[in-house]
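To keep things clear, I will list the structure first and then write my remarks on it.
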Amino acid sequence: MKKGLTIILIALCMFSVFANGSSETAAKNEDVYFTIGTAGTAGALYPMGIAMAQTLSDHIPNWYVTGEATAASIANIKGLRDGSYKMAISQTEVASLAYRGIGGYEGNAVPELRALFSTIYNYLQVFTLEGKGINSIEDLKGKVVSLGSAGSGGQMMAQILLESYGISLNDISAQYMSESDGVSALKDGKIDAMIATNPINSASLKELVTSANAKMIPVENDAFYEKIPAYTKYTLPAGTYEGINYDVTIPKARIIMITTEDAFTEDEAYLVTKTIWENRSEWSSSAKAVERDVVLETALEEIDIPLHKGAIRYFDEIGMTVPANLR
């Protein structure tokens, strides 16, 4: 009897070991493929997203991650919703509107959006040329104004900016141009002003101020900052741009890395966040703005939507203070 019982127990143990071993092997060999939605190829965000994707692929076994050029924030949020992406880049102010269902997302909220961390700084900037008779946002009435690329987050912010000053699209001749196209059109006299949502001293804006008699228009209306709380007032110091020898008040925000609540499990989002930050040297040199601005110390600043639980776990683990509104 004892001999028979012993044989049964040994058999059960062997089955358990076999089953567990098979399960672990299957888990280890399970390939994971996904795409990170980035932005247009001209700026810092595309190379940053590509480099981060490579870091994840290099350090997480059986993960194959790629970055894809996109039309940025709005397209990326759409891609997260339809499953095209698991991670994406977004202006924090656009993600905030989408999460809350306001602005261009009224009746189409995306409450499943979650943040992972902040990246580079982003600023809303209004440029014109001397001699155009434009000294304030109100002076844009009746003018030809580029609002940014059609369907972009920049266009959405530009329209909200104008509305906060009582200006509708009927009050201007709206043009929809990329930053570089807007700069060319402004220099050539085809438009009177351009609203750009970009880092300071981006290549195109630097070209504008060095090759034309450019002028910046301040954004001081409290109503705009109240409507878009992801923006804070920032004083751009005189001399930051060549030829702009006066302080200018402009809206400041961040570009954030986002996902959705269900795109990753808590363990996966933890692994993504940990892998990216513990291997910063592999992607930080992708662009000057990335090397300068994307640091762990400010990874939770200027975020206006909740963090994914996996990201919270990582930041808690390393002793960073996660604000209550991000939990």
Side-chain angles (χ1 to χ4, degrees), residues 34-57 65-80 84-98 113-125 148-158 177-183 195-207 230-231 251-259 272-273 276-277 279-296 298-299 301-305 311:
F34 68 87
T35 302
I36 299 175
T38 64
T41 57
L45 298 176
Y46 173 73
M48 180 187 75
I50 295 294
M52 287 184 176
Q54 188 63 54
T55 295
L56 293 173
S57 296
V65 187
T66 56
E68 180 176 286
T70 72
S73 303
I74 293 176
N76 288 347
I77 291 172
K78 180 179 181 296
L80 286 173
S84 299
Y85 312 128
K86 278 183 173 287
M87 291 173 60
I89 287 167
S90 175
Q91 296 167 229
T92 188
E93 60 273 26
V94 176
S96 177
L97 294 178
L113 278 185
R114 295 293 182 270
L116 292 170
F117 50 83
S118 285
T119 69
I120 66 175
Y121 290 93
N122 202 41
Y123 304 83
L124 193 154
Q125 304 166 75
S149 298
S152 68
Q155 182 218 315
M156 182 184 290
M157 292 304 114
M177 302 176 173
S178 67
E179 178 191 351
S180 57
D181 288 343
V183 165
I195 302 174
T197 307
N198 291 92
I200 290 168
N201 269 319
S202 65
S204 294
L205 296 180
K206 188 177 287 188
E207 179 197 341
Y231 275 128
K252 168 187 171 184
R254 286 288 275 272
I255 300 295
I256 60 175
M257 189 65 75
I258 58 174
T259 183
V272 165
T273 312
I276 285 176
W277 284 108
N279 297 283
R280 181 181 181 273
S281 62
E282 297 180 13
W283 49 263
S284 60
S285 61
S286 57
K288 287 183 179 179
V290 175
E291 190 167 19
R292 180 186 65 240
D293 297 339
V294 190
V295 295
L296 188 58
T298 62
E301 294 182 3
E302 283 97 16
I303 296 178
D304 200 33
I305 65 173

Please find the pair of heavy atoms, one from [X] and one from [Y], that lie closest to each other, and give the distance.
X: Ile36; Y: Gly49; value: CD1-O, 4.1 Å
X: Thr92; Y: Ile303; value: OG1-CA, 3.9 Å
X: Leu45; Y: Ala39; value: CB-CB, 3.8 Å
X: Ser84; Y: Thr35; value: O-CB, 4.0 Å
X: Pro199; Y: Asn122; value: N-OD1, 3.8 Å
X: Gly40; Y: Tyr46; value: O-CB, 3.3 Å

Side chain to side chain contact (heavy atoms under 4.5 Å, CB included), that's the test. Do Val290 and Thr119 meet it? Break it down for me.
CA-CA 7 Å; Val290 175; Thr119 69; over 6 Å; no

Separation of [Y] [atom2] from [X] [atom1] (nearest 0.5 Å):
X: Asn198; Y: Ser180; atom1: CG; atom2: OG; value: 9.5 Å
X: Met156; Y: Leu97; atom1: CE; atom2: CG; value: 6.5 Å
X: Glu291; Y: Trp283; atom1: CD; atom2: CH2; value: 10.5 Å
X: Glu179; Y: Met177; atom1: CD; atom2: CE; value: 13.5 Å
X: Lys288; Y: Asn201; atom1: NZ; atom2: CG; value: 10.5 Å

Evaluate the side-chain proximity of [Y] to [X]: yes if any heavy-atom separation is below 4.5 Å, no if none is.
X: Ile255; Y: Gln91; answer: yes
X: Thr259; Y: Val272; answer: no
X: Arg292; Y: Ile120; answer: no
X: Ile256; Y: Leu116; answer: no
X: Met157; Y: Val94; answer: yes
X: Met257; Y: Met52; answer: yes
X: Gln125; Y: Ile200; answer: yes
X: Glu301; Y: Tyr121; answer: yes

NZ of Lys78: more than 12 outside heavy atoms within 6.0 angstrom?
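No, the 6.0 Å shell around NZ holds no more than 12 heavy atoms from other groups.
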
Side-chain ([X]) to main-chain ([Y]) donor-acceptor, under 3.5 angstrom:
X: Ser285; Y: Ser281; answer: no
X: Ser178; Y: Ser149; answer: no
X: Ser57; Y: Ala53; answer: yes
X: Trp277; Y: Leu296; answer: no
X: Glu207; Y: Ala203; answer: no

Candidate pair Met48 and Ile89, rule side chain to side chain contact (heavy atoms under 4.5 Å, CB included), full reasoning:
CA-CA 10 Å; Met48 180 187 75; Ile89 287 167; 3.8 Å; yes

Do Ser90 and Asn76 have side-chain N/O donor and acceptor atoms under 3.5 Å apart?
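Side chains of Ser90 and Asn76: no pair found under 3.5 Å.
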
Evaluate the side chain to side chain contact (heavy atoms under 4.5 Å, CB included) criterion for residues Tyr123 and Leu205: first the C-alpha distance (whole Å), next the side-chain angles of each, then the deciding distance (0.1 Å), finally the verdict.
CA-CA 12 Å; Tyr123 304 83; Leu205 296 180; over 6 Å; no

Assess whether side chain to side chain contact (heavy atoms under 4.5 Å, CB included) is satisfied between Thr197 and Glu93, documenting all intermediate values.
CA-CA 11 Å; Thr197 307; Glu93 60 273 26; 3.9 Å; yes

